[in-house]
Asker: 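Pasting a structure here, questions to come.
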Amino acid sequence: MSDSRVGQQFELGVYTFADRAMTPLTDHTVSPAHRLADLLEEISLADELGLDVFGVGEHHRPDYVVSSPAVVLAAAAARTERIKLTSAVTVLSSDDPVRVFQQFATVDLISGGRAEIMAGRGSFIESFPLFGYDLRHYDELFSEKLELLLRLRRDERVDWSGKHRPPLEKAGVYPRPERELPIWIAVGGTPESAARAGSLGLPMALAIIGGAPERFEPFARIHREAWTLAGHDPSDLALSINSHAFVGDTSGGAANDFFPYYARAMSRIGRERGWPPTTREQFEALRTPRGALAVGEPEEVAEKILFQHSIFGHQRFMAQMDVGAVPHDKLMRSIELFGTKVAPLVRAEVARRTDSG
């Protein structure tokens with residue numbers, strides 16, 4: 001069976017890049033140690049609530065605290081019982097696939113078979129000069145390193161050679177994981193990436209953080225068609241939609257709690273990439289049923305996820321709730337509502353749709 005199968009019920013999860021930026025309301029920045037302690041509490045809560053997966057992403061910037069997702073996930077593995085633990089994302093292009101495999105195999109052993117890897121090329125570039133890679137090889141690095149990672153997953157001893165890493169000659173790579181590590185491909189908007197994931201028989205995590213969800217349907221179609229053309233089992237096809245989300249007791253309360261942090265973060269990134277500052281009007285447009293933001297009361301967020309499901313028929317939804325360093329107490333409440341109110345609504349409706357076929 002392919003590793004892409006995610007389970008019988010629709011999966012819901014949370015992911016984070018562990019923002020620690022200066023908050024817009026207090027101009028206070030939490031320490032890295034404080035943010036990591038909070039993060040482990042958030043993962044534990046998600047596990048207690050019965051959410052299916054928690055993802056931790058990689059950055060090498062002062063406004064994010066996690067540069068090594070596997071280390072954080074190993075700490076989380078020791079204090080959780082059932083939740084899947086994934087990177088979101090591992091910047092494979094600037095890492096060593098041997099070390100990535102070893103680290104996540106270790107997380108898998110500590111967690112009793114709950115580790116996943118979400119591999120991507122990275123939307124920020126700091127890791128490339130940091131680890132001595134040339135950005136001119138951006139695509140080539142990812143393709144070559146993904147090939148090696150998949151070989152390491154398949155074979156205990158590996159013969160391999162490439163352009164960007166010393167060759168391996170009958171190299172044994174240890175430890176081996178509890179079971180075959182699931183490897184997802186993170187896609188932000190490149191058709192070629194969707195086609196590559198499908199042709200390799202790998203599940204795809206599609207980020208939708210702006211615009212109308214319908215605009216992203218071609219990526220799901222490309223993934224599905226490449227999967228079928230390559231002869232992979234259609235029943236193993238898996239797609240995750242990853243979006244910004246926040247749940248509050250009321251619709252207006254959720255919007256008011258989330259907007260200042262979201263706007264600060266998106267405007268900061270926008271200054272680096274030539275985007276205009278994020279306005280409340282734009283934010284509210286994204287909150288409408290056909291927008292990318294799943295922000296509101298539980299029923300409203302469930303409706304947004306189910307609207308996306310009607311487009312994509314995906315198997316997993318992951319919510320990034322701490323954009324811009326949302327305070328820990330507000331984030332914990334959002335996770336609680338997501339697990340106790342949103343998840344049952346979504347699972348029940350997806351099960352009904354599946355049964356009615």
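Note that the structure is a prediction, hence the values are computed from the model and not measured.
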Asker: I'd like to check Arg121 versus Leu92 (side-chain heavy atoms, cut-off strictly below 4.5 Å). Are they in contact?
Answerer: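 No, side chains not in contact.
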
Asker: Taking the side chain as every heavy atom from C-beta outward, state whether Asp134 and His137 have any atom pair closer than 4.5 Å.
Answerer: yes

Asker: Do the ring centers of Phe246 and Phe258 come within less than 6.0 Å of each other?
Answerer: yes

Asker: Mind checking whether Trp160 and Val98 have side chains closer than 4.5 Å, heavy atoms only?
Answerer: no

Asker: Is a side-chain N or O of Asp47 found less than 3.5 angstrom from the main chain of Ile83, in a donor-acceptor match?
Answerer: yes

Asker: Indicate yes or no: at least one non-hydrogen side-chain atom of Val107 is less than 4.5 angstrom from one of Ile110.
Answerer: no

Asker: With heavy-atom distances below 4.5 Å as the criterion, would you say the side chains of Glu58 and Tyr64 are in contact?
Answerer: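 Of all side-chain heavy-atom pairs linking Tyr64 with Glu58, none is under 4.5 Å.
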
Asker: Would you say Ser143's side chain and Glu140's backbone share a donor-acceptor pair under 3.5 angstrom?
Answerer: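 It does not hold such a pair.
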
Asker: Which distance, rounded to the nearest 0.5 Å, do you find between the CD1 of Ile335 and the CG of Leu45?
Answerer: 5.5 Å

Asker: Just checking Phe312 against Phe216, ring centres under 6.0 Å apart?
Answerer: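 No, ring centres 6.0 Å or more apart.
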
Asker: Taking the six-membered ring of Phe10 (Phe, Tyr or Trp), confirm whether the NZ or CZ of Arg316 is under 6.0 Å from its centre and within 45° of its axis.
Answerer: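 No, a cation-pi geometry is absent between Arg316 and Phe10.
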
Asker: Between Asp63 (side chain only) and Arg20 (backbone N and O only), is there a donor and an acceptor less than 3.5 Å apart?
Answerer: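 Between the backbone of Arg20 and the side chain of Asp63 there is no qualifying donor-acceptor contact (under 3.5 Å).
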
Asker: Can you confirm whether more than 12 heavy atoms, excluding those of Arg136, are under 6.0 Å from its CZ atom?
Answerer: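 Incorrect, the count does not exceed 12.
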
Asker: If the plane angle is over 60° it's perpendicular, under 30° parallel, otherwise tilted; pick one for Phe128 and Tyr138.
Answerer: tilted

Asker: Could you tell me the separation between the CZ atom of Arg99 and the CG atom of Asp95, rounded to the nearest 0.5 Å?
Answerer: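 Result: 9.0 Å between the selected atoms.
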
Asker: Under 6.0 Å between the ring centres of His309 and Phe317?
Answerer: no

Asker: In terms of side-chain heavy atoms, does Glu144 have a donor or acceptor partner in His164 at a distance below 3.5 Å?
Answerer: no

Asker: Should the heavy atoms of other residues, nucleotides or ligands under 6.0 Å from CD of Glu303 be counted, would the total exceed 12?
Answerer: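 Atom CD in Glu303 is not packed in, count stays at 12 or less.
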
Asker: Let me know which of Glu41, Glu336, Met321 forms a side chain to side chain contact (heavy atoms under 4.5 Å, CB included) with Leu331.
Answerer: Met321

Asker: Under a 4.5 Å cut-off applied to non-hydrogen side-chain atoms, are Val56 and Ile43 in contact?
Answerer: yes

Asker: Tell me whether Lys145 contacts the main-chain N or O of Arg165 through its side chain, where contact means a donor paired with an acceptor under 3.5 Å.
Answerer: no

Asker: Calculate, to the nearest 0.5 Å, the distance between atoms CG and CZ belonging to Asp355 and Arg352 respectively.
Answerer: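 Reported to 0.5 Å precision, the distance equals 9.0 Å.
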
Asker: Tell me whether Thr190 contacts the main-chain N or O of Ser193 through its side chain, where contact means a donor paired with an acceptor under 3.5 Å.
Answerer: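 Not confirmed, Thr190 side chain does not pair with Ser193 backbone.
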
Asker: Only one of Glu300, Glu299, Glu297 clears side-chain hydrogen bond (donor to acceptor under 3.5 Å, both in side chains) with Ser251; which?
Answerer: Glu300

Asker: Please list, one pair per line, the donor and acceptor atoms closer than 3.5 Å that link side chains of residues 196-208 to other protein atoms, with sequence neighbours excluded.
Answerer:
unit_1	atom_1	unit_2	atom_2	d
Ser199	OG	Ala195	O	3.2
Ser199	OG	Arg196	O	3.0

Asker: Got a sec: does the CD of Glu169 have more than 12 other heavy atoms crowding it under 6.0 Å?
Answerer: no

Asker: Keeping Ser87 on the side-chain end and Gly57 on the backbone end, is there a donor-acceptor pair under 3.5 Å?
Answerer: no

Asker: Roughly how far, to the nearest 0.5 Å, is CZ of Phe54 from CG of Leu73?
Answerer: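 Reported value, rounded in 0.5 Å steps: 9.0 Å.
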
Asker: Is a salt bridge present between Asp19 and Arg35, judged by a nitrogen-to-oxygen distance below 4.0 Å?
Answerer: no

Asker: Does the side chain of Leu306 reach to within under 4.5 Å of the side chain of Arg353, using non-hydrogen atoms?
Answerer: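 Result yes, sub-4.5 Å side-chain heavy-atom pair found.
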
Asker: Less than 4.5 Å apart, any side-chain heavy atom of Arg280 and any of Asn256?
Answerer: yes

Asker: Going by atom type alone, with no hydrogens or angles, which donor-acceptor pairs under 3.5 Å involve a side-chain atom of residues 170-178 and a protein atom two or more places apart or on another chain?
Answerer:
unit_1	atom_1	unit_2	atom_2	d
Tyr174	OH	Glu156	OE2	2.9
Arg176	NH1	Leu152	O	3.2
Arg176	NH1	Val173	O	3.2
Arg176	NH2	Leu152	O	2.8
Arg176	NH2	Arg153	O	3.3

Asker: Could you tell me which residues satisfy side chain to side chain contact (heavy atoms under 4.5 Å, CB included) with Glu214, sequence neighbours excluded, listed by chain and number?
Answerer: Ala212, Arg290, Phe307, Ile311

Asker: Heavy-atom count check: over 12 atoms from other residues, nucleotides or ligands less than 6.0 Å from Ile125 CD1?
Answerer: no

Asker: Kindly say whether the aromatic ring centers of Phe283 and Tyr262 come within a distance under 6.0 Å.
Answerer: yes

Asker: More than 12 foreign heavy atoms under 6.0 Å from CD of Glu126: is that the case here?
Answerer: yes

Asker: Side chains of Arg114 and Thr80: donor-acceptor distance under 3.5 Å anywhere?
Answerer: yes

